[in-house]
**Student:** 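Take this structure, written in structure tokens, and hold onto it; I'll ask about it next.
Throughout, protein chains are lettered first and strands after them, A, B, ... in sequence-line order, and every chain is numbered starting at 1. Worth saying up front: this structure is predicted, and the values here are computed from it rather than measured.
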Amino acid sequence: MTGKFFAKRCYKALLEVPAGKVTTYREIAHFLGTRAYRAVGNAMNKNPCAPVVPCHRVVKSDGLVGGYAGGVAQKIKLLKDEGIQVRNGRVVDFQEKLYTFKRK
DNA sequence: TATTTGACCAAGA
DNA sequence: ATCTTGGCCAAAT
């Protein structure tokens with residue numbers, strides 16, 4: 001119970017990502033002011049957010065889709081539904097689809 | 001409390 | 001370009 005504030009911040013940031021765009025674990029961590037890229041993915045894996053937060057819009061910094069608790073195929077399918085193509089486990093036009101956070 | 005794990009990243013060979 | 005190595009942080013065991 002204690003803790004998890006970190007994960008909560010992740011979800012909050014994730015909600016800022018518009019549909020049709022993707023972000024990276026690294027961007028989220030950087031936005032939070034930390035380097036816990038792994039902890040971010042770890043929190044998602046436990047998946048306390050399920051369909052509440054669009055976890056499927058998070059990919060690796062290299063544009064690789066990465067993983068997904070519900071199965072990578074599912075993740076790709078959701079992305080495709082938002083207009084994002086994935087080829088061989090990699091996001092097409094990754095740099096263009098990438099969304100970077102900015103502080104308000 | 002200590003150790004291991006992981007939906008990661010960057011640099012080196 | 002690929003493969004290996006080390007580091008990084010929070011959560012789980």
Side-chain angles (χ1 to χ4, degrees):
Chain A
M1 284 186 49
T2 57
K4 279 194 177 169
F5 292 104
F6 178 80
K8 232 173 179 186
R9 275 175 253 165
C10 296
Y11 313 143
K12 185 99 187 217
L14 208 49
L15 292 172
E16 285 196 24
V17 181
K21 291 264 185 176
V22 294
T23 190
T24 68
Y25 300 98
R26 183 171 173 269
E27 284 296 321
I28 294 174
H30 185 269
F31 174 71
L32 298 180
T34 180
R35 293 170 198 154
Y37 350 93
R38 307 184 88 168
V40 175
N42 220 349
M44 300 299 176
N45 186 11
K46 299 307 185 267
N47 200 3
C49 58
V52 185
V53 177
C55 315
H56 59 274
R57 292 182 196 154
V58 189
V59 298
K60 297 220 249 175
S61 65
D62 287 349
L64 292 170
V65 185
Y68 193 61
V72 182
Q74 180 74 13
K75 183 171 182 177
I76 294 172
K77 192 172 184 179
L78 289 168
L79 290 173
K80 185 180 176 185
D81 186 59
E82 293 185 353
I84 299 174
Q85 277 187 28
V86 178
R87 288 300 177 196
N88 195 17
R90 205 174 290 243
V91 176
V92 179
D93 298 326
F94 168 61
Q95 288 290 342
E96 297 179 18
K97 311 282 185 181
L98 180 60
Y99 171 83
T100 52
F101 294 100
K102 46 193 169 191
R103 309 183 191 191
K104 291 181 288 189

**Student:** Who pairs with A:Tyr99 by ring-ring contact (aromatic ring centres under 6.0 Å, His included), at least two apart in sequence or on another chain?
**Tutor:** A:Phe101

**Student:** Going by side-chain heavy atoms closer than 4.5 Å, which hydrophobic residues are tied to A:Leu78, directly or by a chain of links?
**Tutor:**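 Members other than A:Leu78 - counting any ILVMFWY side chain reachable under 4.5 Å - are A:Tyr68.
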
**Student:** Could you name each residue pair satisfying salt bridge (Lys or Arg N to Asp or Glu O under 4.0 Å) that touches residues 81-95 of chain A, not counting sequence neighbours?
**Tutor:**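 Of all non-adjacent pairs touching residues 81-95 of chain A, those that pass salt bridge (Lys or Arg N to Asp or Glu O under 4.0 Å) are A:Arg57-A:Glu82.
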
**Student:** Strictly under 3.5 Å: I want the nitrogen or oxygen pairs between protein and nucleotides 8-10 of chain C, one per line.
**Tutor:**
from  : atom 1 : to      : atom 2 : distance (Å)
C:dC8 : N3     : A:Arg38 : NH1    : 2.8

**Student:** Closer than 4.0 Å, any side-chain N/O of A:Lys60 to the OP1 or OP2 of B:dC8?
**Tutor:**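 For A:Lys60, the contact criterion (side-chain N or O under 4.0 Å from OP1 or OP2 of B:dC8) is met.
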
**Student:** My understanding is that only residues two or more places apart in sequence, or in another chain, count here; which of them pass side chain to side chain contact (heavy atoms under 4.5 Å, CB included) with A:Ile84?
**Tutor:**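 Testing A:Ile84 for side chain to side chain contact (heavy atoms under 4.5 Å, CB included), a comparison that skips the adjacent residues, returns A:Val22, A:Leu79, A:Val91, A:Lys97.
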
**Student:** May I ask you to test the A:Phe6-A:Val40 pair for a side-chain heavy-atom distance under 4.5 Å?
**Tutor:** yes

**Student:** Would you please name every residue forming a side-chain hydrogen bond (donor to acceptor under 3.5 Å, both in side chains) with A:Gln85, sequence neighbours left out?
**Tutor:** none

**Student:** Can you get from A:Val58 to A:Leu32 by hopping between Ile, Leu, Val, Met, Phe, Trp and Tyr side chains that sit under 4.5 Å apart?
**Tutor:** yes

**Student:** Less than 4.0 angstrom between a side-chain N/O of A:Ser61 and OP1 or OP2 of B:dC8, yes or no?
**Tutor:** no

**Student:** From CG of A:Leu64 over to C1' of B:dA7, roughly how many Å is that when rounded to an integer?
**Tutor:**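 The answer, rounded to whole Å, is 12 Å.
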
**Student:** Hey, could you give me each pair passing salt bridge (Lys or Arg N to Asp or Glu O under 4.0 Å) that has a residue in residues 18-39 of chain A? Not counting sequence neighbours.
**Tutor:** none

**Student:** Give me the residues of residues 21-29 of chain A where at least one heavy atom lies under 4.0 Å from an atom of DNA chain B, by number, or none.
**Tutor:**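 Within this stretch, A:Tyr25, A:Arg26 sit under 4.0 Å of the strand.
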
**Student:** Please produce a list of atom pairs where a protein N or O lies less than 3.5 Å from an N or O of nucleotides 1-4 of chain C.
**Tutor:**
none

**Student:** List for me each residue that meets side chain to side chain contact (heavy atoms under 4.5 Å, CB included) alongside A:Ile76, sequence neighbours excluded, and say none if there are none.
**Tutor:**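 If we apply the side chain to side chain contact (heavy atoms under 4.5 Å, CB included) test to A:Ile76, skipping adjacent residues, the hits are A:Val65, A:Val72, A:Val86.
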
